[in-house]
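Working notes, beginning with the structure itself.
Here is the naming used below: chain letters follow the sequence lines, and residue numbers restart at 1 for every chain.
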Number of protein chains: 2
Amino acid sequence: MAGKATNIPTATILRLSIYHRYLQSLMERGTKVVSSAQLANGTNVNAAQLRKDLSYFGRFGVRGVGYNVSKLLRQIKEILGLGKSWNMALIGAGNIGKALLQHKQFENHGYNFVLVFDKTPFRVGKEILPGIEVHHIDKLKELAATTPIDLAVIAVPASQAQEMADTIIEAGISGILNFAPARLKVPNHVALQHVDFTTLLDTLTYALSTKEKKGAYYNKKKEENRNTRWDSPQSWPDHMINYSNLLVTK
Amino acid sequence: MAGKATNIPTATILRLSIYHRYLQSLMERGTKVVSSAQLANGTNVNAAQLRKDLSYFGRFGVRGVGYNVSKLLRQIKEILGLGKSWNMALIGAGNIGKALLQHKQFENHGYNFVLVFDKTPFRVGKEILPGIEVHHIDKLKELAATTPIDLAVIAVPASQAQEMADTIIEAGISGILNFAPARLKVPNHVALQHVDFTTLLDTLTYALSTKEKKGAYYNKKKEENRNTRWDSPQSWPDHMINYSNLLVTK
DNA sequence: GAGACTAAGTGACTTAATTCACAATATATT
DNA sequence: AATATATTGTGAATTAAGTCACTTAGTCTC
């Protein structure tokens with residue numbers, strides 16, 4: 001059935017974005033049609049899962065044939081709300097903030113920083129980049145009234161992050177991408193994602209530590225593959241691909 | 001039972017890191033003892049889940065009392081493999097890479113960039129920061145032999161990311177944090193995490209779009225809370241906290 | 001246009017993660 | 001030392017996510 005009202009797994013949305021990106025690269029390469037197996041392989045996903053992910057939203061393929069690349073691309077854009085351009089405010093003009101501002105990828109995808117805020121005295125009022133002035137965070141609500149903001153990106157120290165989030169929400173913004181190492185509390189209508197460097201690194205060290213200590217959490221299941229060498233980088237044999245680095249951030 | 005060999009959910013490891021950080025802040029504030037309820041509240045997690053997370057590794061609390069902050073902190077450090085310091089190589093000395101190099105948080109947590117690589121001619125051989133020279137990526141294997149590297153951070157364009165990952169793995173490094181917008185394939189013994197800005201943003205726009213269109217995916221379940229106002233930032237009423245931004249990256 | 005073939009779509013099943021709810025065990029109090 | 005109270009630890013129940021395997025519906029060939 002098309003476009004069910006069933007609960008859509010959060011992970012599905014994330015994968016949709018990944019399919020989207022891969023489809024774009026197929027598009028650029030001039031590929032017209034793609035099968036669920038190919039698309040799944042290119043994004044490290046199970047083919048049935050890909051089909052199920054799409055099935056939450058409709059029927060986009062042709063049986064016996066596959067998916068039309070440009071059509072599916074358009075449809076995923078529609079689902080995710082891409083296609084239009086989104087205004088973002090950067091909160092925090094430090095190292096990370098500045099790097100994000102200069103990150104080309106964002107504008108290519110329709111994400112544009114239109115306002116920058118900080119509260120550190122020596123930053124406020126300065127031009128952080130040619131043509132981009134840093135405003136005091138107190139002006140957020142006022143400026144957001146004239147320049148509508150869809151999303152806010154928090155890149156301040158942990159100690160200030162919650163306070164910034166509250167300010168952002170009070171200004172009527174209801175999407176937040178948080179780079180500060182702190183788990184924010186936001187009311188239910190606000191969409192929130194965390195980018196948490198050290199937490200991700202910690203999961204890596206855990207993996208490395210257990211490998212050393214117990215000798216291969218990994219190898220347990222895959223011991224039979226020992227003879228299968230992986231000497232040809234670029235295309236690891238399928239059974240050696242690491243599907244295990246799942247990640248959850250609340 | 002303590003320290004079971006049961007399969008430990010990946011999400012548990014991630015939350016352990018989050019508890020760890022919160023415990024550190026409690027420590028700094030001088031708190032000696034904390035209950036699962038407090039700790040869970042501070043990290044936006046269900047108290048039973050926190051206890052279960054810990055139970056995979058042992059029994060760390062005292063019934064009727066709670067957890068000793070410094071003791072639990074030490075034990076989580078032990079589990080995650082923190083405590084020692086980890087050598088990292090940065091692959092890609094562009095905007096993001098440079099920002100990561102300057103990111104103080106890393107050294108505070110025992111993560112140190114000891115080598116920087118790139119392949120862009122005008123960057124190689126230059127000092128990207130005082131005292132830090134950029135090496136050509138071809139030297140990775142050679143230099144990694146003298147300076148042991150635990151983790152590699154990829155911050156190159158998507159088109160080069162897989163190639164870099166292969167090089168890294170060939171040099172014997174088996175932990176990767178990838179900032180490039182591409183899903184990498186790595187053999188099973190390699191631990192991998194993705195930091196995928198646009199994908200995260202896409203999940204936010206999805207949330208915003210569906211809210212607009214269908215009017216509240218969110219409110220459905222929480223309609224009864226409409227009368228409960230959230231006018232006091234900093235402490236949103238519990239039932240309004242957004243627990244829904246789960247995230248998965250394969 | 002009949003038969004062979006391919007690949008989407010999906011209900012049923014399996015596996016994994018989360019939450020409940022209560023027994024176990026500690027402290028504090030009188 | 002008996003009772004009240006607090007809070008952990010965990011088996012059992014629940015909910016959610018992922019995979020299998022089959023049905024359906026297209027295209028292609030002769």
Side-chain angles (χ1 to χ4, degrees), chain A residues 1-16 18-19 31-41 43-69 71-72 75-76 221 238-239 243-250, chain B residues 1-16 18-19 32-41 43-69 71-72 75 221 238-239 243-250:
Chain A
M1 199 162 290
K4 295 180 222 171
T6 328
N7 285 336
I8 293 158
T10 347
T12 289
I13 303 303
L14 193 117
R15 283 191 297 265
L16 241 34
I18 293 169
Y19 307 148
T31 311
K32 298 281 184 237
V33 173
V34 69
S35 72
S36 66
Q38 292 173 295
L39 191 45
N41 182 53
T43 50
N44 292 355
V45 158
N46 177 298
Q49 177 155 76
L50 158 25
R51 294 199 299 273
K52 175 140 289 187
D53 283 341
L54 293 176
S55 80
Y56 290 115
F57 300 97
R59 310 165 83 155
F60 305 109
V62 179
R63 294 180 189 212
V65 179
Y67 301 91
N68 177 299
V69 172
K71 193 177 144 206
L72 184 57
Q75 283 162 322
I76 294 182
K221 286 186 181 171
D238 259 22
H239 59 273
Y243 287 122
S244 63
N245 66 321
L246 176 144
L247 235 276
V248 184
T249 72
K250 274 245 165 104
Chain B
M1 198 164 288
K4 294 179 223 170
T6 327
N7 284 337
I8 293 157
T10 347
T12 289
I13 304 304
L14 192 118
R15 283 191 298 265
L16 241 35
I18 294 169
Y19 307 148
K32 298 280 185 238
V33 173
V34 69
S35 72
S36 66
Q38 293 172 293
L39 191 44
N41 181 54
T43 50
N44 294 353
V45 158
N46 177 299
Q49 177 156 73
L50 158 26
R51 294 199 299 275
K52 175 137 290 186
D53 283 341
L54 294 176
S55 80
Y56 289 117
F57 300 96
R59 310 167 81 153
F60 306 110
V62 180
R63 293 179 189 213
V65 180
Y67 301 90
N68 177 300
V69 171
K71 193 176 144 207
L72 183 56
Q75 283 161 320
K221 286 185 179 171
D238 259 21
H239 60 273
Y243 286 123
S244 64
N245 65 323
L246 174 143
L247 234 276
V248 184
T249 73
K250 272 248 164 101

side-chain N/O A:R15 vs D:dA17 OP1/OP2, d < 4.0 Å: no
- request: Ignoring backbone atoms, test whether A:S36 places a side-chain nitrogen or oxygen under 4.0 Å from the OP1 or OP2 oxygen of C:dA8.
  value: yes
- line: Reading nucleotides 24-30 of chain D from 5' to 3' and marking B where a protein heavy atom lies under 4.0 Å of the base, S where only the sugar-phosphate is that close, and - otherwise, the string is BBSS---
task: Nearest whole angstrom, please: distance from the P of C:dT18 to the CG of B:L14.
output: 10 Å
field: Counterpart residues, side-chain hydrogen bond (donor to acceptor under 3.5 Å, both in side chains), relative to B:Q75 (two or more places apart)
entry: none
message: Using the rule given for side-chain contact (heavy atoms from CB on, under 4.5 Å), can you reason through A:V62 versus A:V33, listing the C-alpha separation, both sets of side-chain angles and the distance that settles it, and then say yes or no?
response: CA-CA 10 Å; A:V62 179; A:V33 173; over 6 Å; no
statement: Rounded to the nearest 0.5 angstrom, the CG-CG distance for B:N46 and B:N41 is 11.5 Å
query: What's the shortest heavy-atom distance between A:Q38 and A:S35, and which atoms?
result: OE1-N, 2.8 Å
Which atoms of nucleotides 20-22 of chain D (N or O only) lie under 3.5 Å from a protein N or O atom, and what are those distances?
from	atom 1	to	atom 2	distance (Å)
D:dA21	N6	A:R51	NH2	3.4

- request: Could you tell me the separation between the CG atom of B:D53 and the OG atom of B:S36, rounded to the nearest 0.5 Å?
  value: 11.5 Å
task: Kindly compute the distance separating CD1 (A:I76) from CD1 (A:I18), expressed to the nearest 0.5 Å.
output: 11.0 Å
statement: Rounded to whole Å, CG of B:N41 lies from P of D:dT7 at a distance of 14 Å
- prompt: Rounding to a whole Å, what distance do you find between B:L39:CG and D:dT8:C1'?
  reply: 13 Å
task: Quickly work out the B:Y19 OH to D:dT8 P distance and round it to whole Å.
output: 13 Å
message: With a 4.0 Å limit, can you tell me whether A:Y56 has a side-chain N or O closer than that to the phosphate oxygens OP1/OP2 of D:dG18?
response: no
- request: Return the nearest nucleotide to the side chain of B:Y67; candidates are D:dG9, C:dA17, C:dA8.
  value: D:dG9
Where B:L54 and B:F60 come nearest, the two heavy atoms and their spacing: O-CE1, 3.4 Å
message: Expressed as a whole number of angstroms, how long is the span from A:L72:CG to C:dA8:P?
response: 11 Å
- request: Figure out the CG/P separation between A:N68 and C:dA8, and round it to whole Å.
  value: 13 Å
- prompt: Taking CG from B:L50 and P from C:dT18, how many angstroms apart are they, rounded to a whole number?
  reply: 13 Å
query: Roughly, in whole Å, what's the span from CD in B:Q49 to P in D:dA16?
result: 13 Å
query: So do B:Y19 and B:V34 actually touch side chain to side chain, heavy atoms under 4.5 Å?
result: no
message: With side-chain contact (heavy atoms from CB on, under 4.5 Å) as the criterion, how do A:I13 and A:Y56 come out once you've worked through the C-alpha distance, each side chain's angles and the decisive distance to 0.1 Å?
response: CA-CA 10 Å; A:I13 303 303; A:Y56 290 115; over 6 Å; no
